[in-house]
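Reviewing the structure listed below.
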Amino acid sequence: MSLDSVLFYVLAALVLGSAIMTITRRNVVHAAVWLISALVGVAGLFLSRGAEFLAGVQVIVYIGGIMVLFLFVIMLVPVHDESTQRRFSNQKWPATVAAVALFLWVAFIAVNGVGMLDHPGMAEPLGPGSLSENSEAVGLVLFSQYLLPFELASILLLVAIIGAIVMSKTRNRETES
Amino acid sequence: MDAISFTLSDFHVLKPAVVLCLVGCGILLTDAFLVRRIGQRWLNAVTALVGEAVVAAVLLQYLPDVRSGGSLTGLGGSIVVDGFGVFFNVIFMLAAVLAVILSARYMEAEGEQRGEYYALILFAQAGMSIMATGHDLVVLFVALETMALSFYVMVGFLRDSKRSNEAAMKYLILGAFSSGLLAYGFSVLYGISGSTSLAAIGEAIAGRPALDWIMILALITTSVGLFFKIAAAPFHMWAPDVYEGAPTPTTAYVSVASKAASFALMIRLFVTAYGSVAEAWVPLLAIVAIATMTIGNLAAVTQSNLKRLLAYSSVAHAGYMLLGLVAFSETGLRGIAIYLLAYVFMNYGAFALIAALRRDGEAAEELDDLNGLFGRAPGYTILMAIFMLSLTGIPPLAGFYGKYYIFLALLGEGYYILAVFAALYVAVSAYYYFRVIRACWLGEAAERPASLDMNLGTRTALVASGVLTVLIGVLPQRFIDLAGESVLAALR
């Protein structure tokens with residue numbers, strides 16, 4: 001077994017183990033921390049495939065952004081109430097069926113090979129090695145071909161910030177000024 | 001590709017959006033450092049109108065280049081300013097100007113007169129401007145989101161109103177859901193063609209062997225995403241709540257401008273990218289159009305709240321406009337263009353009157369609040385009647401010509417059954433529009449009747465909308481030519 005496969009199995013075990021811990025913890029803060037661990041594992045998997053840009057985005061966006069948001073939400077809701085309540089809703093069985101179906105589907109593709117998804121006219125998949133220096137490639141494309149959406153996204157974010165401030169600002173401060 | 005290049009011609013095609021963003025940021029700054037100190041917050045509206053004047057000048061500057069089918073291309077083909085783009089930009093500009101004018105009074109009365117509101121009107125318009133000229137999936141999607149996000153905030157701007165908050169929440173969640181679907185469809189299109197450019201996608205689809213499941217997947221996801229945005233049934237359920245809860249000028253802006261921008265994107269996508277698989281989406285659109293007209297018209301009949309009534313009427317109008325796309329001919333698209341232009345004035349006129357209607361300082365939005373209005377404000381009541389008749393589609397008013405060209409296109413392409421359905425629903429819509437007129441004239445006035453709270457801006461908006469509704473109806477040729485010219489640019 002090459003070092004690459006060892007790394008893969010270690011990271012895969014980390015992701016799966018953390019994911020199971022995430023959905024079985026009663027304390028939501030613990031669940032959130034386990035989710036971070038699972039996401040770090042996924043970032044590691046990206047890195048081992050040479051996709052360092054995706055790995056970086058995974059850490060910055062999911063762990064840096066979304067998980068912090070999760071923790072904020074958890075802090076704002078009364079956690080102790082939740083930990084004593086029944087955890088599985090009536091949708092337990094439909095959810096189980098959906099999960100099993102998804103698992104079988106992914107397993108089916110894994111056994112038959114990804115080639116079964118090919119269809120005429122589909123863009124060529126990227127071969128191994130073609131992802132090297134992908135941060136640089138992403139940067140170049142972002143600032144040449146996709147310069148406009150990149151700049152437009154800054155307006156989008158500005159609107160989001162204004163929206164957050166407008167919605168959360170209290171009226172007192174408004175009348176003071 | 002590997003060199004960063006941004007030339008003057010790239011800047012030229014982006015001018016409307018750049019101006020709008022700069023003026024929007026300018027309003028935020030002057031509001032914080034200048035206007036707030038003076039205490040005259042309506043000055044922000046003046047700044048916004050100055051920005052709109054500059055946009056109008058830029059659009060005039062485009063005219064010589066886009067006349068007779070010319071176009072300006074920038075940023076490697078991801079922006080193409082042609083007659084179609086300029087026509088829709090004019091619609092967005094008119095809608096934004098009317099929104100600013102109406103908001104100055106309405107937001108003052110609601111105690112939410114703030115600079116951010118006007119900045120958001122302009123940011124939304126910047127997004128729409130690019131939606132009408134964009135030719136690249138990524139550009140179009142980010143532009144659409146810029147528009148949508150601005151609208152979510154504007155809808156929830158009345159922070160003390162429960163219904164406004166509820167409306168913003170519903171709009172945000174359903175809007176995000178539809179954007180997700182649209183993004184998924186766009187990713188499939190990219191998978192099919194390996195390109196984000198609409199023209200390249202169109203070529204890739206035309207060069208594909210047949211209509212297979214992956215093409216149908218792309219068609220359905222992008223269509224459903226756009227059906228949400230134009231409030232077509234069965235994806236219309238956000239419209240009544242959002243229209244009712246939002247500040248009335250925002251309701252008018254969302255109903256007119258967001259619909260026009262989404263239709264611009266839809267026409268571009270269906271004509272340029274899906275043109276070769278028309279036999280697949282024409283039945284889909286025809287079914288959705290019939291469902292939309294049915295639900296919109298039948299639900300509007302029972303409404304007692306004016307804003308909800310107009311919300312369902314706006315759903316119904318989206319159905320008629322979809323029929324123009326079903327016909328998929330020059331006449332049909334011309335019908336959509338002239339319909340949207342007329343819709344700006346007749347819809348804004350109706351909402352302007354509702355925005356002004358108040359009882360003891362509280363917004364009065366019920367149908368019963370109109371009772372006996374003719375006795376108190378005969379001039380404005382006559383204007384309201386004109387808007388209602390125009391929304392019904394009675395000649396010689398602006399609303400007639402949109403429906404006329406769409407019916408003409410349906411008959412021309414042999415869709416007789418669709419045309420019969422559409423004509424029947426016009427009769428249904430006449431019932432609820434005449435209910436509004438009936439309340440104004442014959443309704444028994446309440447003890448403390450609602451009165452019209454007018455200022456110069458609202459008067460101007462009402463009278464201008466009324467004059468243009470009549471003008472387009474009486475002298476339609478000029479406007480029909482403009483619409484036809486713009487549509488030809490999109491079909492080229």
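All values reported here derive from a predicted model rather than from experimental measurement. Here is the naming used below: chain letters follow the sequence lines, and residue numbers restart at 1 for every chain.
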To the nearest 0.5 Å, atom CG of A:L148 lies from atom CD1 of B:I79 at 5.0 Å
Residues of residues 116-123 of chain B with a heavy atom under 4.5 Å from any heavy atom of chain A, in residue-number order, are B:E116, B:L120, B:F123
In terms of heavy-atom contacts, does CG of A:L102 have more than 12 from other residues, nucleotides or ligands at under 6.0 Å? yes
Residues A:A153 and B:V142: closest non-hydrogen pair is N-CG1, 3.8 Å
With sequence neighbours left out, the residues meeting salt bridge (charged side-chain N to carboxylate O under 4.0 Å, His left out) with B:D31 are B:R36, B:R41
* To do: Before giving the answer on side-chain contact (heavy atoms from CB on, under 4.5 Å), spell out for A:L158 and B:C21 the whole-Å C-alpha distance, their side-chain angles and the decisive distance to 0.1 Å.
  => CA-CA 10 Å; A:L158 178 65; B:C21 292; over 6 Å; no
So CD1 of A:I155 and CG of B:L149: to nearest 0.5 Å the spacing works out to 12.0 Å
Is there a side-chain contact between A:V166 and B:R114 (heavy atoms, below 4.5 Å)? yes
* Neighbour count >12 (heavy atoms, 6.0 Å) for atom CE, B:M169 -> no
Applying a strict 4.5 Å limit to non-hydrogen atoms, the region of B:Y152 in contact with chain A is backbone
From the list B:V138, B:L140, B:D136, the residue making the most non-hydrogen contacts under 4.5 Å with chain A is B:V138
Scanning both residues in full, the closest heavy-atom pair of A:M167 with B:R159 reads O-CD, 4.3 Å
Sorted by chain and residue number, the side-chain hydrogen bond (donor to acceptor under 3.5 Å, both in side chains) partners of B:T7 (sequence neighbours excluded) come out as B:S9, B:D10
So, the part of B:A17 with a heavy atom under 4.5 Å from chain A: the answer is neither
More than 12 heavy atoms of other residues, nucleotides or ligands under 6.0 Å from CG of B:L8: yes or no?
no
From CA spacing to verdict: side-chain contact (heavy atoms from CB on, under 4.5 Å), A:Y146, B:T196:
CA-CA 10 Å; A:Y146 295 109; B:T196 54; 2.9 Å; yes
Pair B:E145, A:L152 - check side-chain contact (heavy atoms from CB on, under 4.5 Å), show working. CA-CA 10 Å; B:E145 282 307 285; A:L152 204 53; over 6 Å; no
For B:K15, the salt bridge (charged side-chain N to carboxylate O under 4.0 Å, His left out) test, sequence neighbours excluded, returns none
